[in-house]
Amino acid sequence: MNQGNPGPSPDLAARTVWVGAAQGALVAFTVLDLLWPRPWLVGAFTSAAVLFIGMLWRGAPVGLRRTCTLLMLMTALLLPLVPDAAGTLVKGLRIGGLIGSLLLSIATLSRAAQRVGPLRRLMGAVLKVPPGRRFSTVTVTSQFFGGFLGLAGITMMMEAASQAEFDSQQERAACFGAIARGYAAANLWSPMFSNLSILLAVNAGLAWTRVFPAAVGLAAISLVLTLSLQKLKAWRSPAAPGSDASVGWWALLRVGWMVLAAMLAFLVCVLAISHGSQQPVAGVVIVLAPLAAWLLALCAEGERVDAGEAARRVLRDFAGFRSMVGEVMLFFASGCAGTVIASALPSSWTQPVATALLPFPVLGCLFLAAGVVLLSCTSVHPMLSGIVLAVAFPAASLGLNPVAHVLAVLAGLGVAVILTPFSVISLMASRLSGLPLFNVSVRANFGFALLNLLLVALILGHASSHLLR
């Protein structure tokens, strides 16, 4: 007798419902706390996160579990040394809740975007431009995909690049390097990345709309530096001419204009609602991303989808992010540990450094950006490095404008992620490209990292003294 597929067991189905409910409660209570800050809401979303992590703890990577356990132990040991222990812990929990909710919400949008036919065709077309223009095209495109879809957009770009054909290993390495540089630039301005939201949470009262213009300018300068270095490299070793199958700029625009228009429309909508409601941009993204995912589900290519089925797809996607328990766990652990460690540092350690740097804003910006990179190179997670430096050395202590302070730390975070061999970006690039890990991280980005940090320090230090006052 044909047994057929027995389907999921009742216990597994019930567990899935509980996991989805815990995720939903985490996001809902975090948004409520952004709109109406109350201590009991912090307890509510923290309890939801504990339930979510507790049910999926064994599914997280062993190394990540050990790291988070160590961070939680450090937090518990140092908390009695902090003057305002309760307030500091609540601040760390709010950072963890905000970033965890942002991750889950954006992942829902990214999953829906992966089913959109024009987006997949655009990715394929980008990798078919002539070799001489491929680096610049991929760098700009990856900044758009990363800026509007977060890490999932970068992942999609690297997965598409892993299936493309290259004439040499140098071209393959350059393509993956271009994607990583695009990520580093998007990290400066995009509300889809957690780094900017973390630093805005640390710098209370600083709005994303105030940071955005300067961040876009700094991202453009970083992009110019990237393309200039590639031009210099191409001048030394010219690339072979493109084949007949290469895609030109106009063909690329014909394929991708709808995708780019939709991305820009979403960003404009987020900015308009955030400005009109005077709410944090991260909270608006958390609310609007599932709605945008539902609209994309309605537009699924090759099939008719009604509103109810589209909503069910979004809910299934949201409830299916069991593998993200490690990231949520790390965000909470790093948020709490970073704020507690920075608050526990004796002023006798930080004050002399801040006093020495106070008259020199350029050196202050260089200290923040390079400090994040150096801490990250010692195996400290870049997010934890950024939180520690941003809290231990606030803008006022270094005599910096708050915008310059945030952007200096952000620039360090972007460089750290593409330079350190054990970052998610470097590990993914090595795995998908087949190239050695050292080649796609330190070797590919050391010169860019050094010049970028110096350029960022000069620009932000000058701007902090003369333009941003």
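What's counted below: heavy atoms across the whole structure, side chains too, no hydrogens, waters or symmetry copies.
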Stepwise side-chain hydrogen bond (donor to acceptor under 3.5 Å, both in side chains) test for Ser347 and Gln351: CA-CA 5 Å; Ser347 58; Gln351 191 59 43; over 6 Å; no

Between Asn445 and Ile418 (side chain of the first, backbone of the second, donor and acceptor by atom type, cut-off under 3.5 Å), is there such a pair? yes

Nearest 0.5 Å please: distance from the CG atom of Leu104 over to the CG atom of Leu26. 6.5 Å

Rounded distance (nearest 0.5 Å) linking atom SG of Cys377 with atom CG of Leu419: 5.0 Å

Compare all side-chain heavy atoms of Phe448 with those of Ser222 and state whether any distance is below 4.5 angstrom. yes

Quick one: CD1 on Ile286 to OG1 on Thr108, what's the gap to the nearest 0.5 Å? 11.0 Å

If you look at every heavy atom in Val417 and Tyr183, which pair is closest and at what distance? CG1-CE2, 3.5 Å

Measure the CE-OG1 distance between Met157 and Thr141 for me, rounded to the nearest 0.5 Å. 5.5 Å

Backbone N/O of Phe393 and side chain of His405: donor-acceptor pair under 3.5 Å: yes

How far apart are the closest heavy atoms of Gly364 and Leu398, and which atoms are they? O-CD1, 4.3 Å

Would you say the side chain of Ser343 lies within less than 4.5 Å of the side chain of Val391, judging by non-hydrogen atoms? yes

Thr420 side chain to Ala416 backbone, donor-acceptor under 3.5 Å: yes

Just verifying a value: how many Å separate Leu407 CG and Cys365 SG, rounded to the nearest 0.5 Å? 9.0 Å

Taking all non-hydrogen atoms of both residues into account, name the closest pair between Met72 and Ala333 and its distance. CG-CB, 4.4 Å

In short, Ser105 meets Val285 closest at the heavy-atom pair OG-O, 3.7 Å

Between Thr350 and Val353, is there a side-chain heavy-atom distance shorter than 4.5 Å? no

Using the rule given for side-chain contact (heavy atoms from CB on, under 4.5 Å), can you reason through Val372 versus Leu368, listing the C-alpha separation, both sets of side-chain angles and the distance that settles it, and then say yes or no? CA-CA 6 Å; Val372 173; Leu368 289 172; 5.8 Å; no

Heavy-atom check, side chain of Leu103 versus side chain of Ile99, under 4.5 Å: no

Using a 3.5 Å cut-off and no angle test, enumerate the donor-acceptor pairs between side-chain atoms of residues 39-55 and protein atoms at least two apart in sequence or in another chain.
{"unit_1": "Thr46", "atom_1": "OG1", "unit_2": "Val42", "atom_2": "O", "d": "2.6"}
{"unit_1": "Ser47", "atom_1": "OG", "unit_2": "Gly43", "atom_2": "O", "d": "2.7"}

Check whether any side-chain heavy atom of Phe266 sits under 4.5 Å from a side-chain heavy atom of Leu295, and report yes or no. no

Matching residue for Val340 among Leu77, Leu71, Thr75 - test: side chain to side chain contact (heavy atoms under 4.5 Å, CB included): Thr75

Just do the side-chain contact (heavy atoms from CB on, under 4.5 Å) check on Leu296 and Leu109 with the steps written out, would you? CA-CA 8 Å; Leu296 289 177; Leu109 174 59; 3.8 Å; yes

Ser441-Ser426 side chain donor-acceptor pair, cut-off 3.5 Å: no

I'd like to check Arg94 versus Leu98 (side-chain heavy atoms, cut-off strictly below 4.5 Å). Are they in contact? no

Residues 60-69, side-chain donor-acceptor partners within the protein, below 3.5 Å, at least two apart:
{"unit_1": "Arg65", "atom_1": "NH1", "unit_2": "Arg58", "atom_2": "O", "d": "3.3"}
{"unit_1": "Arg65", "atom_1": "NH1", "unit_2": "Ala60", "atom_2": "O", "d": "2.9"}
{"unit_1": "Thr67", "atom_1": "OG1", "unit_2": "Gly63", "atom_2": "O", "d": "2.9"}
{"unit_1": "Thr69", "atom_1": "OG1", "unit_2": "Arg65", "atom_2": "O", "d": "2.7"}

Leu410 versus Leu218: any side-chain heavy-atom pair under 4.5 Å? no

Might you point out which heavy atoms bring Gln143 and Trp189 nearest each other, and give the distance in Å? OE1-NE1, 2.9 Å

Under the 3.5 angstrom rule, does the side chain of Ser142 hit a backbone N or O of Thr139 as a donor-acceptor pair? yes

Just by distance, do the side chain of Thr339 and the backbone of Cys336 share a donor-acceptor pair under 3.5 Å? yes

Please assess Met158 against Ile425 for the test side-chain contact (heavy atoms from CB on, under 4.5 Å), listing each intermediate value before the final yes or no. CA-CA 10 Å; Met158 287 193 175; Ile425 294 292; 4.0 Å; yes

Can you check whether Leu93 reaches Phe332 side chain to side chain, under 4.5 Å on heavy atoms? yes

Ser464 side chain vs Leu460 backbone, donor-acceptor pair below 3.5 Å: no

With sequence neighbours left out, what residues match Glu159 under side chain to side chain contact (heavy atoms under 4.5 Å, CB included)? Thr155, Leu432

Going from CG on Leu374 to CZ on Phe367, what distance comes out if it is rounded to the nearest 0.5 angstrom? 10.0 Å

Minimum heavy-atom separation for Gly412 and Val373, please, with both atom names. O-CG2, 3.5 Å

Decide side-chain contact (heavy atoms from CB on, under 4.5 Å) for Phe318 and Arg111; before the verdict, give the C-alpha distance in whole Å, the side-chain angles of both, and the deciding distance to 0.1 Å. CA-CA 9 Å; Phe318 181 77; Arg111 181 70 61 83; over 6 Å; no

